[in-house]
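Note that the structure is predicted; figures quoted are calculated from it, not measured.
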2 protein chains.
Amino acid sequence: MFKLYSKGCEYALRALTYAASQSGNGRFQARDVCEKVDIPESFTRKVFQALTQGGFLQAVRGPGGGYELTRSPEQITLLDVIEAVEGQDTFEHCVLGFPECGGKHPCPLHETWSKAKKQLMAQLEHRTLQDLADSTTRKKRRAFVSGA
Amino acid sequence: MFKLYSKGCEYALRALTYAASQSGNGRFQARDVCEKVDIPESFTRKVFQALTQGGFLQAVRGPGGGYELTRSPEQITLLDVIEAVEGQDTFEHCVLGFPECGGKHPCPLHETWSKAKKQLMAQLEHRTLQDLADSTTRKKRRAFVSGA
DNA sequence: TGATTAGTGGACCTTTCTATCCACTATTAT
DNA sequence: ATAATAGTGGATAGAAAGGTCCACTAATCA
């Protein structure tokens, strides 16, 4: 089945989007954010650990601690998050599984897929965590104003 | 990690592309084609069974038997094969895992993903098994002519 | 110093996907 | 009829992804 990214990555996107939408110093706690966006805490913690080791998040221990983004949300694209979680080469594998697929020995789908991939990645590079955070916040504000 | 489709679907595409590239009555045997394109036979047989039950292939038992495509290769797009193996709804799931994601309650990524998906599916609908078969045949002929 | 808070790292379990095996049925040829 | 061929269906095994638990460390506060 089709998968744009793993579950861990999905959780990371949801969690970080929520974190970015919160006003304040930008610090968030794993427990809190997982509860808020309704994703499995233990599992997501592992993803946070990986993002920390990858230099994407900074961990702060002890009371009042949590995580902080090392860049501001408007400087982080979806592709950044995806590649941080999945590795830089997620989109690089030959879709027909030809080990030799490449410039010199392209598989029959190489050109087609290259084109599709380019368009896909352009979309993912185009939007930032801040964009996503804004769109959720807007929605909530609309609901609030309309009394829903 | 990113996956355009499952292993089974990858094998189906490779096998059917090979089958389409063969001259003759269009009948092929599981054992033969799996050997030729170097994919696991037992596993791929299951995929063939599914494609048969889905009306995509016709099975012929006994000596000289095998499978036949129920449509000609130039009438079968990559998207056809993918949806036949993976189900019609492979590309329909919300990428952020929001159960409510849809026209009325779009997730923050809904628009972005819809656009990317449309472009992706356009690519997959554009090429047929015959196209893929032709490109592999052309390559072989080139190699033959050039003496490689 | 001791209690509390919050992230860490490793072991372990469950589910899904991938893969193999084998007895069985249908078909053809001798 | 019998043997050989080719797909079928079910059981089962192995690998990877998804998920949980718990003892531990670091930091803060009383």
Side-chain angles (χ1 to χ4, degrees), chain A residues 1-16 19 25-70 82 85-87 90 93 97, chain B residues 1-16 19 25-70 82 85-87 90 93 97:
Chain A
M1 59 306 66
F2 171 83
K3 275 173 59 170
L4 186 50
Y5 37 63
S6 68
K7 275 288 172 190
C9 189
E10 176 191 315
Y11 298 155
L13 283 171
R14 288 170 64 173
L16 295 183
N25 56 4
R27 184 175 295 183
F28 62 93
Q29 289 172 10
R31 182 177 193 173
D32 178 53
V33 67
C34 290
E35 217 165 77
K36 287 285 172 35
V37 302
D38 194 31
I39 55 180
E41 182 185 330
S42 300
F43 186 69
T44 306
R45 276 181 183 279
K46 297 298 183 189
V47 183
F48 287 156
Q49 283 180 31
L51 286 173
T52 302
Q53 287 168 349
F56 232 76
L57 289 177
Q58 177 164 15
V60 183
R61 291 185 174 199
Y67 295 96
E68 288 167 12
L69 288 166
T70 54
I82 294 171
V85 176
E86 311 286 1
T90 346
H93 306 295
Chain B
M1 60 303 74
F2 170 84
K3 274 172 62 167
L4 185 51
Y5 37 64
S6 67
K7 274 289 171 190
C9 189
E10 176 192 314
Y11 297 154
L13 283 170
R14 289 171 63 174
L16 295 184
N25 56 3
R27 185 176 294 184
F28 62 93
Q29 289 171 9
R31 182 177 193 173
D32 178 53
V33 65
C34 290
E35 217 164 78
K36 287 287 173 30
V37 302
D38 194 31
I39 56 180
E41 182 185 329
S42 300
F43 186 69
T44 307
R45 276 181 183 279
K46 298 296 184 191
V47 183
F48 288 155
Q49 281 180 32
L51 287 173
T52 301
Q53 288 168 348
F56 232 78
L57 290 177
Q58 177 164 15
V60 183
R61 291 187 175 199
Y67 295 97
E68 288 167 12
L69 289 167
T70 53
I82 294 171
V85 177
E86 310 286 2
T90 347
H93 305 297

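When rounded to the nearest whole Å, the span between CD of B:Gln49 and P of C:dC22 equals 17 Å. D:dT8 atom C1' lies 8 Å from atom OH of B:Tyr67, rounded to whole Å. A straight line from CD of A:Glu41 to C1' of D:dC22 spans 13 Å, rounded to a whole angstrom. The distance from atom CZ of B:Phe43 to atom C1' of D:dA16 is 13 Å, rounded to the nearest whole Å. Taking atom CZ of residue B:Arg27 and atom C1' of nucleotide D:dG7, one finds them 12 Å apart after rounding to whole Å. Atoms CD (B:Gln58) and P (D:dA6) sit 17 Å apart, rounded to a whole Å. Across the protein-nucleic acid pair, B:Glu10 atom CD and C:dA19 atom C1' stand 14 Å apart, rounded to whole Å. Here the P atom of nucleotide C:dT20 and the CZ atom of B:Arg31 are 14 Å apart, to the nearest Å.
Between B:Gln53 and D:dT8, a side-chain N or O to OP1/OP2 separation shorter than 4.0 Å is absent. Within the structure, a side-chain polar atom (N or O) of B:Arg45 is placed less than 4.0 Å from OP1 or OP2 of D:dG7. The shortest distance between the side-chain N/O atoms of A:Tyr11 and the OP1/OP2 oxygens of D:dA17 is not below 4.0 Å. Of the side-chain N and O atoms in B:Lys46, none sit less than 4.0 angstrom from OP1 or OP2 of D:dT12. In this model, the phosphate group of C:dC17 is not approached by any side-chain N or O of B:Tyr5 to a distance below 4.0 Å at OP1 or OP2.
Taken from CZ in B:Arg45 to CD in B:Glu41, the straight-line distance is 4.5 Å, to the nearest 0.5 Å. Atom-to-atom distance recorded for B:His93:NE2 and A:Leu4:CG is 13.0 Å, nearest 0.5 angstrom.
Looking at which nucleotide of DNA chain D each of B:Gln29 and A:Gly62 is closest to, the 5′-most match is held by B:Gln29.
Looking only at distances, a side-chain donor or acceptor of B:Arg14 sits under 3.5 Å from a matching main-chain atom of B:Val37. Remark: the backbone N or O of B:Gly66 is not paired with any side-chain donor or acceptor of B:Gln29 at under 3.5 angstrom.
Of the candidates D:dG7, D:dT20, D:dA17, the closest approach to any side-chain atom of A:Ser42 belongs to D:dT20. Which of D:dT28, D:dG19, D:dT8 sits closest to the side chain of B:Thr52 comes down to D:dT8. Here the nucleotide nearest the side chain of A:Ala30, chosen from C:dT8, C:dG7, D:dA4, is C:dG7.
Nucleic acid contact for B:Gly66: sugar-phosphate only, since backbone atoms but no base atoms lie under 4.0 Å from a heavy atom of the residue. Across all strands, A:Phe48 comes closer than 4.0 Å to no nucleic acid atom at all (heavy-atom distances).
One cannot find a donor-acceptor pair under 3.5 Å joining the base of C:dT28 and the side-chain atoms of B:Arg61.
Annotation: side chain of A:Thr52 is in contact with side chain of A:Tyr67 (closest heavy-atom distance under 4.5 Å).
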